[in-house]
S.K.: 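Input: one structure, supplied below.
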Amino acid sequence: MSRFKEKVVLVTGSSRGIGKVIAMSFADAGAAVVVSDVLAEEGEKTAREIRELGNQSIFVQCDVSDSQDVNGMIAKTVDKFGKIDVLVNNAGITRDTLMIRMKDEDWEKVLNINLKGAFYCTRAAAKEMMKKRTGSIVNISSVVGLMGNLGQANYSASKAGLIGLTKSAAKELAPRGITVNAVAPGFIETEMTQKLSEQVKETYKKVIPLNCFGAPQDVANTVLFLASENAKYITGEVIRVDGGMRM
Ligand code: NDP
């Protein structure tokens with residue numbers, strides 16, 4: 001498949017998890033992929049796997065909550081590939097606990113990585129995309145940003161904030177031919193959900209009309225659609241990938 005041939009795609013937090021599946025899917029569709037993460041060893045491995053598939057890929061170590069790091073990551077991308085066509089703001093963390101027990105640093109760390117990090121990356125990438133008057137940005141939010149969740153005041157605030165950022169950036173960047181959209185996954189089979197007991201999983205499945213968890217590939221498929229020519233008239237949109245949980 002060559003849907004993204006000659007496109008340059010940067011995915012944050014793509015050493016492992018959903019981000020890695022997004023990065024591999026873009027590579028499979030012909031893109032040159034910048035793998036970016038705080039995790040160097042796993043990030044190098046992901047970039048190597050992409051090169052072994054015959055695609056161009058580099059790993060750039062970057063903490064998205066550090067604006068200097070982010071500016072350096074975008075500069076390295078442009079140095080290597082001359083442009084950036086697609087940015088996927090995927091890096092994210094959780095520090096779950098009930099609000100009354102939540103420490104200042106639990107709040108700050110989650111907001112700094114999930115929301116401020118996405119702002120830094122969007123700002124830096126948009127400057128490059130504006131020069132070419134084309135590009136797409138896809139933010140990985142969460143259904144929790146739409147509905148809230150106990151024990152996740154910090155995480156749900158960051159993911160709701162990401163939706164506000166998506167819509168504002170979509171309005172600001174539309175005149176320059178850049179689309180900005182968000183994907184809001186529900187329960188996705190990852191290391192995180194694998195740790196849950198069967199009983200807890202069954203309880204969660206009862207509130208999902210499709211009665212199962214999603215796969216990282218379900219998220220990746222939606223990201224690729226939003227970044228593709230097929231979605232060129234879609235901006236400021238939030239697409240849930242949640243089996244109908246929050247319809
Ligand atoms: P993972 O923890 O598996 O992957 C996230 C990646 O981001 C990790 O490699 C992580 O590194 C990296 N990362 C963490 N902090 C930073 C940072 N400061 N700068 C750059 N990279 C960083 O998460 P998932 O794959 O499960 O989730 C991916 C995205 O999808 C997240 O935004 C998450 O909120 C969202 N999401 C996930 C759902 C799910 O069910 N799994 C549901 C809804 C949304 P490290 O391991 O060192 O932390």
Side-chain angles (χ1 to χ4, degrees), residues 1-37 42-60 62 64 73-74 76-92 118 121-122 124-126 128-129 132-141 166 169-170 173 177-185 188-190 214-242:
M1 203 167 43
S2 56
R3 203 162 33 135
F4 287 91
K5 197 162 179 283
E6 286 167 20
K7 299 286 182 194
V8 178
V9 178
L10 189 159
V11 186
T12 68
S14 53
S15 282
R16 61 190 186 89
I18 295 171
K20 179 173 180 177
V21 177
I22 294 170
M24 301 298 292
S25 301
F26 273 112
D28 198 40
V33 181
V34 178
V35 175
S36 171
D37 207 294
E42 290 183 59
E44 293 285 7
K45 184 168 166 275
T46 301
R48 201 164 49 244
E49 282 175 38
I50 292 174
R51 287 195 296 274
E52 281 164 8
L53 291 172
N55 286 74
Q56 292 193 78
S57 184
I58 55 166
F59 169 69
V60 180
C62 173
V64 294
M73 169 182 75
I74 299 297
K76 279 180 195 154
T77 301
V78 175
D79 276 356
K80 172 75 183 168
F81 297 113
K83 60 174 184 166
I84 171 165
D85 296 297
V86 179
L87 165 70
V88 183
N89 284 311
N90 166 79
C121 294
T122 300
E128 291 303 323
M129 290 175 176
K132 308 266 179 200
R133 300 191 80 82
T134 180
S136 43
I137 299 171
V138 183
N139 295 321
I140 308 300
S141 178
T166 300
L173 300 175
I178 301 162
T179 62
V180 189
N181 291 289
V183 176
I188 304 299
E189 291 275 13
T190 57
Q217 193 64 56
D218 295 319
V219 179
N221 293 344
T222 312
V223 172
L224 264 73
F225 165 67
L226 286 171
S228 75
E229 268 295 296
N230 292 339
K232 67 180 166 44
Y233 199 56
I234 299 175
T235 197
E237 187 56 273
V238 183
I239 300 188
R240 289 179 296 103
V241 180
D242 68 347

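Keep in mind the model is a prediction, meaning the values are calculated, not measured.
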S.K.: Report yes if some heavy atom in the side chain of T190 is under 4.5 Å from a heavy atom in the side chain of I18; otherwise report no.
M.R.: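 Yes - at least one pair of side-chain heavy atoms lies under 4.5 Å apart.
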S.K.: Distance check, rounded to the nearest 0.5 Å: I50 atom CD1 versus F59 atom CZ?
M.R.: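 Answer for the CD1-CZ pair, I50 versus F59, is 11.5 Å.
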S.K.: In Å and rounded to the nearest 0.5 Å, what is the OG to CZ distance from S25 to F4?
M.R.: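 S25 atom OG to F4 atom CZ measures 10.0 Å (nearest 0.5 Å).
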S.K.: Test side-chain contact (heavy atoms from CB on, under 4.5 Å) on I74 and E128; report intermediate values, then the result.
M.R.: CA-CA 8 Å; I74 299 297; E128 291 303 323; 3.8 Å; yes
S.K.: My understanding is that only residues two or more places apart in sequence, or in another chain, count here; which of them pass side-chain hydrogen bond (donor to acceptor under 3.5 Å, both in side chains) with E49?
M.R.: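 E49 satisfies side-chain hydrogen bond (donor to acceptor under 3.5 Å, both in side chains) with K20, K45 once adjacent residues are dropped.
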S.K.: Please name the pair of heavy atoms, one in A182 and one in L226, separated by the smallest distance, quoted to 0.1 Å.
M.R.: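 Taking every non-hydrogen atom into account, O-CD1, 4.1 Å.
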S.K.: To the nearest 0.5 Å, what is the distance between OG1 on T12 and CG on L87?
M.R.: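 Here the rounded value is 6.5 Å.
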S.K.: Nearest 0.5 Å please: distance from the OG1 atom of T134 over to the CE atom of M129.
M.R.: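 T134 atom OG1 to M129 atom CE measures 8.5 Å (nearest 0.5 Å).
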S.K.: Nearest 0.5 Å please: distance from the CG atom of D218 over to the CD atom of E189.
M.R.: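 Here the rounded value is 10.5 Å.
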S.K.: Locate the shortest heavy-atom distance separating K232 from T179; write the atom from each residue and the value.
M.R.: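 Closest approach of K232 to T179, heavy atoms only: O-CG2, 4.0 Å.
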S.K.: Please check this pair: side chain of R51 against backbone of S57, looking for a donor-acceptor N/O pair closer than 3.5 Å.
M.R.: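 Yes, R51 side chain to S57 backbone: donor-acceptor pair under 3.5 Å.
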S.K.: Give every residue pair that meets the side chain to side chain donor-acceptor pair (under 3.5 Å) criterion with at least one member in residues 77-86, sequence neighbours excluded.
M.R.: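 Side chain to side chain donor-acceptor pair (under 3.5 Å) check on residues 77-86 returns K83-D85.
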S.K.: Please find the pair of heavy atoms, one from I188 and one from A215, that lie closest to each other, and give the distance.
M.R.: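 Residues I188 and A215, closest heavy atoms: CG2-C, 3.6 Å.
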S.K.: Taking the side chain as every heavy atom from C-beta outward, state whether V60 and I58 have any pair of such atoms under 4.5 Å apart.
M.R.: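 Yes, close enough: below the 4.5 Å cut-off.
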S.K.: Stepwise, does the side-chain hydrogen bond (donor to acceptor under 3.5 Å, both in side chains) test hold for N181 with T235?
M.R.: CA-CA 6 Å; N181 291 289; T235 197; 4.6 Å; no
S.K.: What's the spacing between D37 CG and E42 CD if we round to 0.5 Å?
M.R.: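 Going from CG on D37 over to CD on E42, the span is 7.5 Å.
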S.K.: Please find the pair of heavy atoms, one from V21 and one from P216, that lie closest to each other, and give the distance.
M.R.: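 Heavy atoms of V21 and P216 come nearest at CG2-CB, 3.7 Å.
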S.K.: With heavy-atom distances below 4.5 Å as the criterion, would you say the side chains of M73 and L10 are in contact?
M.R.: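 Yes, close enough: below the 4.5 Å cut-off.
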S.K.: If I compare all heavy atoms of A23 with all of V33, which pair ends up nearest, and what's the gap?
M.R.: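 So the minimum-distance heavy-atom pair works out to O-CG2, 3.8 Å.
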S.K.: Donor-acceptor check, side chain of N55 to backbone of A27, threshold 3.5 angstrom: yes or no?
M.R.: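 Yes, because the side chain of N55 sits within donor-acceptor range (under 3.5 Å) of the backbone of A27.
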S.K.: Will you find, in the side chains of T166 and N139, an N or O donor that is under 3.5 Å from an N or O acceptor?
M.R.: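 Yes.
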S.K.: Might you work through the side-chain contact (heavy atoms from CB on, under 4.5 Å) test for I137 and N89, ending with a clear yes or no?
M.R.: CA-CA 8 Å; I137 299 171; N89 284 311; 3.9 Å; yes
S.K.: Where is the tightest heavy-atom contact between G13 and N90, given as atom of each residue plus distance?
M.R.: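 Of all heavy-atom pairs spanning G13 and N90, the closest is O-ND2, 3.0 Å.
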